[in-house]
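We name chains A, B, ... by the order of the sequence lines, and we start the count at 1 in each one.
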Amino acid sequence: MEETDIELLEGFKAEAEEHLADVEPRLLELEGADASRREELLHSIFRAVHSVKGASGFFGLDTIQSLSHAMESVLMRVRDGVIEFDTEMNDPLLDSLDTLSDMIEAIPEVITPPIDSLAARLAKWTEGGETSGGSEDSTSGADANEGLDELPSYSLNMTSDMARAAACFGQKVYRVVLTSDGSLEPESFPALQERLVAVGEIQAEALRDDRAEWLIQSVLSAPELAQAADLATEAVCEAQPEEQAEPAPTSSAAPVETDPAPPAKERGDAEEGGDQAAAALKAAAAKDNETIRVNVRLLDKLMNLAGELVLSRNQLLRSLNDTANTTTKAILQDLDLITSAIQGDIMNTRMQPIGTVFNKFTRIVRDLSKSLDKKVRLSLEGVDVELDKSILELLSDPLTHLIRNSLDHGIESPPERLGKGKSEAGLITLRAYHEGGQIHIEIQDDGAGVDPEKIRSTALKRGLMTREELKNLSDHDARMLIFAPGFSTVEQVSDVSGRGVGMDVVKTNIAKLSGKIDLESQSGQGSVVRIRLPLTLAIIPSIIVRIRDERYAVPQGNLVELVRVRNEDTHQQIELVQGSPVLRLRGRLLPLIDLERVLHESRTEGWSPDWGDTVHVAVIHVGEATFGLVVHDVSDSEEIVVKPLSHMLENCGIYAGVAIMGDGHPAMILDAAGLASAAAIELRDDKVAEEQASRAQSQTSRRQLVLFTNAPQERFAVELSELVRLEKIHRDDIQEVAGNECITYRDGGLQLTRLEEFLPVSPLEDEGDHVFVLIPRCEGTPRGILAGRIIDTVRTDVEITPVEGMPDAVEGQGLIHGQLTLLLRTEELVKSEAV
Amino acid sequence: MSLLSIPVSETLAHGLSAFVLDCQLFGIPVRVVREVNAHLDITPVPRAPDFVRGLVNLRGHVVTVVDLGVRLGFGRRQIDSESRLVVLKTSRELANIDYKGLETSEEKIGLLVDRISEVVIPRAEDLQGPPSNLAADTRQFVAGVCKTDKQAITVLNAQQILNYEVDPTSSRETPRVDSGDPQ
């Protein structure tokens, strides 16, 4: 194909896509529109499809042409009032639209999907006569008229001349069409014609054995005309002028087509359509002459140049600021402002309203609710909110998934809803708004909500977490498990939401956009999924961290907080767990990654405790993981322009891209996920030996322990999951009943046990007013264990070694927080007491 | 002609850009070169392959600096006042000048060399295949030799130098394009 042809074809493609983009929302709007709006919509839909048809004929894209023609035929009949619009008709129209869009998208490839079945479904609306044509009465041929309009619909075109002439006399042109399955005899034509002449002036006629069509100019209204000529009202409709200069063939000898797709006629039609397309385009351009089509690549280039401009400005500012005189400084300031404005505006050129993505969900919700037998309304809010094009493109899939999920798992079936006292139709709200320099997107439904217990049991079944871990999980955290990898599996796959991809993919995709996702839900009331996204990916706010004199950028989207650990505190806050450093931060252990070690493995050996006076830790969250990145220094946050990574550096695994800093030097942007996995590998290397040793006794891995002490130098631990409750009591509350210590607990007595009574340990010290009671989870009468002071709860995989000579109630000892700690079995404790 | 990895007629017409590494002369087709500069304020990239020296900002574009010494097995270059960065054209830039027969890279790559020499326009008979006594790991980067009256220039295969997929340290035998006997 010639290059110019391809160019033209690409032009057609862009145009057709533009035309069709509006068709779907309009078709959907038709379903609820009132009469006047409906007419407006029909006209615009018709115009769009017609333009595509015309232009496709011009390019010889026969399949596109045939299908758009079939659609057009239905639309024309609705537009002309021959048939009423009904919702069912929308299904084949929408499906055809999809096929049409597919074909156009494939351009310059020419694909020819089978369209016969679609055409047949559409033909139902243009061949109604077959079902209702039983009527033999020629005057009531109206029923038959339903089916008269075979493809092509009309053989007569109303010219603009006719329209003008009619308008001069204050008259209108009507189209009278009669057809039948044989009952219309050619012999009756003269009689019919006579009746018509009596009521108006015949402008054109096309007579055939089974079909008669007239264009008639008359002063009467359509129903009056029908009555006067003794015709069914449906047989008469007002004719619409075609945008065609030449008068249509008017003699009765004019060719009348019966073939649904006669090539000759099609070609003519196509050219006419091409003109129309051009005219429509011109009209659209005139109406909206403030927009032009710009190649995205050009925008990207401009974006790049704007970035460079910013950098040059920064360099200029820096080098002149000290020396410049007042005049120069004023100029510099102007330059500064203008540069920022240019950068901002160029960024804006890449922005598109989120409505372009939102609108397609109207269709998805419509189709899905039908196939699921649910009633669902979709409400769109904030469709004008603008987002960077590149983000929008990547947002479509995750949103689709979430919407599908809401529909499938969230919204209940109508009977179920009625049973719960809700309205029959569910409501899904898709909302977008700006807040705090970010875009917020919410997908809200008023469905069943997410039941945290169900999630827990599923998570347990899938082996994502242990029963104990799940128990300690808040409801919110439990709900968030639906985003965990491996949560949704085949069992859940339905046609609709489970396509083998889980919600974890949604989360990953959002994370790729430096976004965050959250789920809030109330059982029975519905759920809200909240997504927060940066405005643009090309420029991201980052903090700059340093390792000696090297600078690295950390995207702020990944940053949770910055922590400075002073040297004197270091030993309390930074600890080594099996050689891996962790930071104790507000009761949680945060694994630390030494950036220098990740970057320069050879330079550092092991975890070096002497980093200077203070340690800077950037707490970074990515996906499921939160970790602390140890750096030497943290400088300002900076808006950095992101450049792609060279292919030679992709294997490094820890970089997301390159930034050019204000001083013109490149700096690597760290990839949080990559850092986590790079460090994990290193940690594993460190731990291989220990891991192999501990693998044998896997039950020791990752337990959550409560640490407590009764006397200095003696530490005990019990497994948190074995406890029901930790009660802080006043010493005075302990009562003595029949030689046993008791407290009142939950309207009853709780017998207390002291460790020293059956273990060779120091007695509980008599210091302080308060003591603690550990209440184990056990069968029968509960007993409490007295504890002097609770030190902490820790999650640890510390190795516990059995201690010889100790009772069964001691599982063993281990080094926790650098102190030898006895791990107790609460069950045995309570039992041994009972003996 | 046995110089499979450079377009010979182009080279004959436009010449070779010659530069010095370890007192030896090397050359690449001049039309592949975008510019030669002394932008050597290089930001190192930890964990990068050893031959990637780092990145420089060339008027807003990030250029990956390949230490040609490491790539060819001569060792890391010392940067001094004579050091230069030979920035290659990207594949797109080559396509724009309708340069056929050689691919470079989608991104901007600069070759770090000790010193830039001159542009040599060879005669057809000056161009020869790579000498057979080359070490295997160097050989894959050599397209041939240009022997003029005064000097011998090793013509590099820029495509292969930028091709990171081929691990330079791997023991995989370079496919021997049998260049026949040295002419």
Side-chain angles (χ1 to χ4, degrees), chain A residues 297 301-315 547-553 595-604 640-655 657-671 674-675 678-679 681-682, chain B residues 37-68 70-71 76 85 87-93 95-96 98 103-112 141 158-170:
Chain A
R297 219 182 302 154
K301 207 167 157 191
L302 275 177
M303 184 81 189
N304 209 10
L305 288 171
E308 288 176 38
L309 190 59
V310 171
L311 297 174
S312 300
R313 174 202 62 186
N314 292 353
Q315 286 165 2
I547 291 295
R548 303 186 199 281
D549 56 348
E550 301 162 7
R551 286 175 303 179
Y552 299 91
L595 181 55
E596 179 162 31
R597 213 172 152 212
V598 173
L599 296 170
H600 309 281
E601 282 157 87
S602 51
R603 208 191 278 173
T604 48
I640 54 171
V641 181
V642 180
K643 308 268 178 181
L645 205 59
S646 158
H647 79 279
M648 293 182 177
L649 302 178
E650 271 166 14
N651 285 356
C652 302
I654 55 167
Y655 304 120
V658 185
I660 295 187
M661 309 299 294
D663 61 4
H665 284 102
M668 304 308 291
I669 302 168
L670 295 175
D671 177 38
L675 278 176
I681 290 161
E682 289 175 352
Chain B
N37 62 42
H39 279 286
L40 292 168
D41 195 355
I42 300 171
T43 304
V45 181
R47 292 175 78 105
D50 57 353
F51 61 85
V52 175
R53 192 64 176 256
L55 306 172
V56 294
N57 169 17
L58 184 63
R59 297 182 295 278
H61 295 280
V62 177
V63 178
T64 309
V65 179
V66 169
D67 189 327
L68 204 50
V70 178
R71 194 64 167 145
R76 197 175 154 89
L85 195 60
V87 182
L88 303 181
K89 285 177 180 157
T90 62
S91 298
R92 187 184 289 172
E93 284 169 323
N96 284 345
D98 205 21
E103 293 268 316
T104 49
S105 164
E106 283 301 314
E107 60 215 43
K108 292 198 169 54
I109 305 281
L111 305 177
L112 177 63
F141 302 121
Q159 192 166 335
Q160 198 66 15
I161 286 168
L162 303 186
N163 187 359
Y164 177 44
E165 264 63 62
V166 179
D167 187 351
T169 60
S170 85

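- In this view, D67(B) and R53(B), V70(B), R76(B), R77(B), L112(B) satisfy the side chain to side chain contact (heavy atoms under 4.5 Å, CB included) rule, not counting sequence neighbours.
- When all heavy atoms of I109(B) and M648(A) are compared, the pair lying nearest together is CD1-CE, 3.9 Å.
- In this structure, CD1 in I660(A) is found 8.5 Å from NE2 in H61(B), a value given to the nearest 0.5 Å.
- Using a 4.5 Å cut-off between heavy atoms, V66(B) contacts chain A through its side chain alone, with no backbone atom that close.
- Nearest heavy-atom pair across L162(B) and H647(A) is O-NE2, 3.4 Å.
- The minimum heavy-atom distance linking C652(A) with A48(B) is given by the pair SG-CA, 3.5 Å.
- Comparing V52(B), V56(B), L55(B) by how many heavy-atom pairs each has under 4.5 Å with chain A, the most go to L55(B).
- For chain B, no part of L309(A) is nearby; none of its heavy atoms comes within less than 4.5 Å.
- Using a 4.5 Å cut-off between non-hydrogen atoms, the part of residues 37-46 of chain B that approaches chain A consists of D41(B), T43(B), V45(B), P46(B).
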Evaluate R47(B) against V598(A) for side chain to side chain contact (heavy atoms under 4.5 Å, CB included), listing each step before the verdict. CA-CA 8 Å; R47(B) 292 175 78 105; V598(A) 173; 3.5 Å; yes
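- The nearest pair of heavy atoms linking P49(B) to L649(A) is CD-CD2, 4.3 Å.
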